[in-house]
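Chain A is the first sequence line, chain B the second, and so forth, proteins listed ahead of strands; every chain is numbered from 1.
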Protein chains: 2
Amino acid sequence: MTTVYLVDDHAMFRAGVRAELGGRVEVVGEAATPADAVAGIVASRPQVVLLDVHMPDGGGLAVLRQVGERLPATRFLALSVSDAAEDVIALIRAGARGYVTKTISADDLADAVERVAGGDVVFSPLLAGFVLDAFRDAPAAPSVAAAATDADFDQLTPREREVLRLLARGYAYKEIAAELFISVKTVETHASNVLRKLRLSSRHQLTRWAADRRIT
Amino acid sequence: MTTVYLVDDHAMFRAGVRAELGGRVEVVGEAATPADAVAGIVASRPQVVLLDVHMPDGGGLAVLRQVGERLPATRFLALSVSDAAEDVIALIRAGARGYVTKTISADDLADAVERVAGGDVVFSPLLAGFVLDAFRDAPAAPSVAAAATDADFDQLTPREREVLRLLARGYAYKEIAAELFISVKTVETHASNVLRKLRLSSRHQLTRWAADRRIT
DNA sequence: CAGCGCATCGGGTGAACCCCTGATTTCGAC
DNA sequence: GTCGAAATCAGGGGTTCACCCGATGCGCTG
């Protein structure tokens, strides 16, 4: 039977997977945080890791990076509520062997786990399309955004973070200026610095970036 | 034993709740869509409905509104991955008796359900703070964008929704025009109509609005 | 004190955005 | 056959964004 390690910050969801997949695969361990996950995976050596994408402290990406180096034989199947292209692409680039959304049924998930264990690559049907698009190269889709990392965020000054927050909420420069009692020009300067430091090129990307990180 | 009806579009999560709460409460039914949920709740008359906030076809809000009128005695406990203020406030305004995040443990969830069944109001500790803030008075923030409702969304024509989707992804008018094989001017018209119908005033607010609703 | 990061402003440019009026075509409904 | 909704496009004007250049103060550090 395929051995599986479960990483998800929602205890309830882990319980669901355990209950539904119990008969088809062997769950050898589970963790709620990236740190616990890394330790647990190294200790239990599962064939497949079911990995939630959105978690505190770096999410699935952090787990993938740390474990991937040490145990290259481990297969990762990303499991997420998000079907956003950035998430999918980031996980795949980091070495995940598949990506399915949490809308998946128990049967399909069990199939996916077994196929990944067997060496296959698995995607939710809806995702397969733009995964191919993304890797074809020149994205017929524009702008795609060289995803800013959380490390970039640390470079922001306090004032810049303040402006970032308001930008993310959709405020116009003028409104931000009024809110912070500074001139529109100063807001422009901060905004420009934020975009440069996060390596983004427009407010739209900034809003998306912030929304993905629950910055409100 | 408290009777509970389960509404969540993730089968895996429902299974988790069922498995973990099985001993403490009686799950009398479950549904994956608002439509099924309304029918099922009316038929099974549970004491408490565990309601996921983010779902296709209007989410938990739709269920709450439709069932709330017909069965005023039913208690709703919102259960969401999101801890965004808008979500919480919207659900509470619509009549939910509590709001907890999916990070909750099985024990705490069982407690919450029983307390809601008994007439209490339950919030995740982290949420209690800004729920009070939100109801203390007006936001003091500018422009605030009289939040567009999902009802407004229904007024959009098919083409407008298409444009909305691309706007939300951060495409420039020019790029949308190229994508849809129409002129920039037509895109402007559609965009303008979308903003008016959703009662928003800029595409930045639109980006935010769409991100909050997971429109990609 | 000289240097540096931070925050504060300004001027100017080109592009993108938002709105207004007005027009045509198509298509289904009355 | 007419009416209205939807989609298409154009012209024009004002606003906002993103970036370029520069400048001034303030506080900290070597």
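Not one side-chain nitrogen or oxygen of Arg159(A) sits closer than 4.0 Å to the OP1 or OP2 atom of dA7(C).
Each end of the helix from dC1(C)-dG30(D) to dC30(C)-dG1(D) gets its own rotation axis from five pairs of C1' atoms, and the angle between them is 30° to the nearest 10 degrees.
As rounded to whole Å, 8 Å separates atom C1' of dC6(C) from atom CD of Glu160(A). Nucleotide dG10(C) holds its P atom 13 Å from the NE2 atom of His190(A), rounded to whole Å. Rounded to whole Å, the distance from NE2 on His204(B) to P on dA16(C) is 14 Å. The interatomic distance linking Ile176(A) (CD1) with dT8(C) (P) rounds to 13 Å, in whole Å. Distance, Asn193(B) CG to dC19(C) P: 10 Å, rounded to whole Å. Atom CG in Leu200(B) sits about 13 Å away from atom C1' in dC18(C), given to the nearest Å. In this structure, CG of Leu198(B) is placed 13 Å from P of dC18(C), rounded to the nearest angstrom.
The side-chain heavy atoms of Thr74(A) and Tyr5(A), taken from C-beta on, include no pair separated by under 4.5 Å. The side-chain heavy atoms of Val187(A) and Leu180(A), taken from C-beta on, include no pair separated by under 4.5 Å. Taking the side chain as every heavy atom from C-beta outward, Ile176(B) and Val184(B) never approach each other to under 4.5 Å. Looking only at side-chain heavy atoms (C-beta outward), Val67(B) and Phe76(B) come within less than 4.5 Å of each other. By the 4.5 Å heavy-atom criterion applied to side chains, Arg159(B) and Ile182(B) are counted as neighbours.
Between Ser192(A) and Thr189(A), the side chains place no donor N or O within less than 3.5 Å of an acceptor N or O (distance only, hydrogens not considered).
Between dT8(C), dG12(C), dC6(C), one nucleotide has an atom nearer to the side chain of Lys185(A) than all others, and that is dG12(C). Between dT8(C), dC9(C), dC18(C), one nucleotide has an atom nearer to the side chain of Ser202(B) than all others, and that is dC18(C).
Counting any heavy atom pair closer than 4.0 Å across all strands shown, Thr186(B) reaches a base atom. When heavy atoms are screened at a 4.0 angstrom cut-off, Arg196(B) is found touching no nucleic acid atom at all. Across all strands, Thr189(B) comes closer than 4.0 Å to base atoms (heavy-atom distances).
The nearest pair of heavy atoms linking Ala96(A) to Leu64(A) is N-CD2, 3.8 Å.
Each of Val38(B), Val42(B), Ile41(B) was evaluated against Gln66(B); a single residue qualifies, Val38(B), per the side-chain contact (heavy atoms from CB on, under 4.5 Å) test.
In the 5' to 3' direction, nucleotides of DNA chain D lying under 4.0 Å from heavy atoms of chain A begin and end at dT16(D) to dC19(D).
Mapping Ser192(A) and Thr157(B) onto DNA chain D by nearest heavy atom places Thr157(B) closer to the 5' end of the strand.
Sorted by first and then second residue, the salt bridge (charged side-chain N to carboxylate O under 4.0 Å, His left out) pairs with a member in residues 37-47 of chain B form an empty list; sequence neighbours excluded.
The base of dC19(C) sits within donor-acceptor range of the side chain of Glu188(B), with an N or O pair under 3.5 Å.
Taking the centre and axis of the six-membered ring of Phe13(A), the NZ or CZ atom of Lys102(B) falls outside the cone set by 45° and 6.0 Å.
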